[in-house]
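Written below as structure tokens is the structure these notes are about.
Just the heavy atoms: all of them, side chains too, but no hydrogens, waters or symmetry mates, feed the values below.
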Amino acid sequence: MADPVPTSIEVLRQQARDELSTIIEHRCRAGEDPWQFIPDLPSVDEQVVIGLRMSAIDAFDLADEQSRAHHPAAGRDTFVRFEYSVLRRIALEHPELSEAVWGMLDRVERA
């Protein structure tokens, strides 16, 4: 049975905290120095935005995979516009995540 889709940002934040804790625990067990990798990990809100973004991108990939395979340059432009619109929609629907979204938009524009 599939997990129910969380609707609350607080539920998503808790899932992000749990996921980041697991990453930290595994990397520490592997002998990595937390002072080296923790600054590069996303914040809890950034992790929530990444999850929301990935759900939308997965749907986009399924719908647009063949087009991008035949026209890679056009596909990349289409994808960047799509990703920008997804992040913008997340910021509008979840104002409490807007700071994390704008940080990700900056990275998308630099890519």
Side-chain angles (χ1 to χ4, degrees):
M1 182 174 195
D3 292 332
V5 176
T7 55
S8 162
I9 291 299
E10 284 310 313
V11 169
L12 293 172
R13 282 179 171 151
Q14 185 57 54
Q15 289 175 346
R17 281 190 285 274
D18 293 344
E19 186 175 333
L20 290 168
S21 293
T22 300
I23 290 168
I24 292 168
E25 181 179 335
H26 286 313
R27 291 178 80 171
C28 286
R29 284 186 183 170
E32 293 185 51
D33 180 2
W35 292 106
Q36 295 298 314
F37 68 81
I38 287 177
D40 294 330
L41 291 177
S43 69
V44 169
D45 279 356
E46 287 171 336
Q47 187 68 26
V48 170
V49 172
I50 289 167
L52 293 171
R53 173 182 157 266
M54 287 309 299
S55 296
I57 288 172
D58 287 346
F60 176 82
D61 283 346
L62 291 173
D64 202 49
E65 184 176 350
Q66 187 175 15
S67 172
R68 286 185 290 120
H70 293 292
H71 306 286
R76 173 70 183 151
D77 292 343
T78 301
F79 179 77
V80 169
R81 284 193 305 274
F82 171 79
E83 186 172 22
Y84 183 84
S85 70
V86 166
L87 291 171
R88 184 174 177 275
R89 188 176 70 233
I90 292 169
L92 292 172
E93 291 175 1
H94 306 287
E96 64 274 32
L97 298 175
S98 63
E99 186 176 325
V101 168
W102 298 123
M104 290 187 71
L105 281 170
D106 288 344
R107 287 192 287 280
V108 168
E109 289 174 0
R110 282 184 260 142

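In this structure the side chain of Pro42 reaches within 4.5 angstrom of the side chain of Leu20, judged on heavy atoms. With contacts defined as side-chain heavy-atom distances shorter than 4.5 Å, the pair Phe37/Ile24 qualifies. Contact annotation: the side chain of Val48 never approaches that of Ile90 to less than 4.5 Å [non-hydrogen atoms, C-beta and beyond]. Proximity of Glu46 to Leu41: side-chain heavy atoms (C-beta onward) are nowhere separated by under 4.5 Å.
Taking CG of Asp45 as the start and CD of Glu99 as the end, the distance is 8.0 Å to the nearest 0.5 Å. Note that the CG atom of Leu97 and the CG atom of Leu87 stand 11.0 Å from one another [nearest 0.5 Å]. From Leu52, atom CG reaches atom NE2 of His94 across 5.5 Å, with rounding to the nearest 0.5 Å. Atom CE of Met54 and atom CD1 of Ile50 lie 9.5 Å apart (nearest 0.5 Å).
Counting all heavy atoms, side chain and backbone alike, Val86 lies closest to Arg53 at CG1-CA, 4.1 Å. Residues Arg13 and Val44 come closest through the heavy atom pair O-CG1, 3.6 Å. Nearest heavy atom pair, residue Pro34 against residue Cys28, reads CG-SG, 4.0 Å.
For Glu32, the salt bridge (Lys or Arg N to Asp or Glu O under 4.0 Å) partners two or more places apart in sequence, or in a different chain, are Arg27.
Atom CZ of Arg88 is surrounded by 12 or fewer heavy atoms from other residues, nucleotides or ligands within 6.0 Å.
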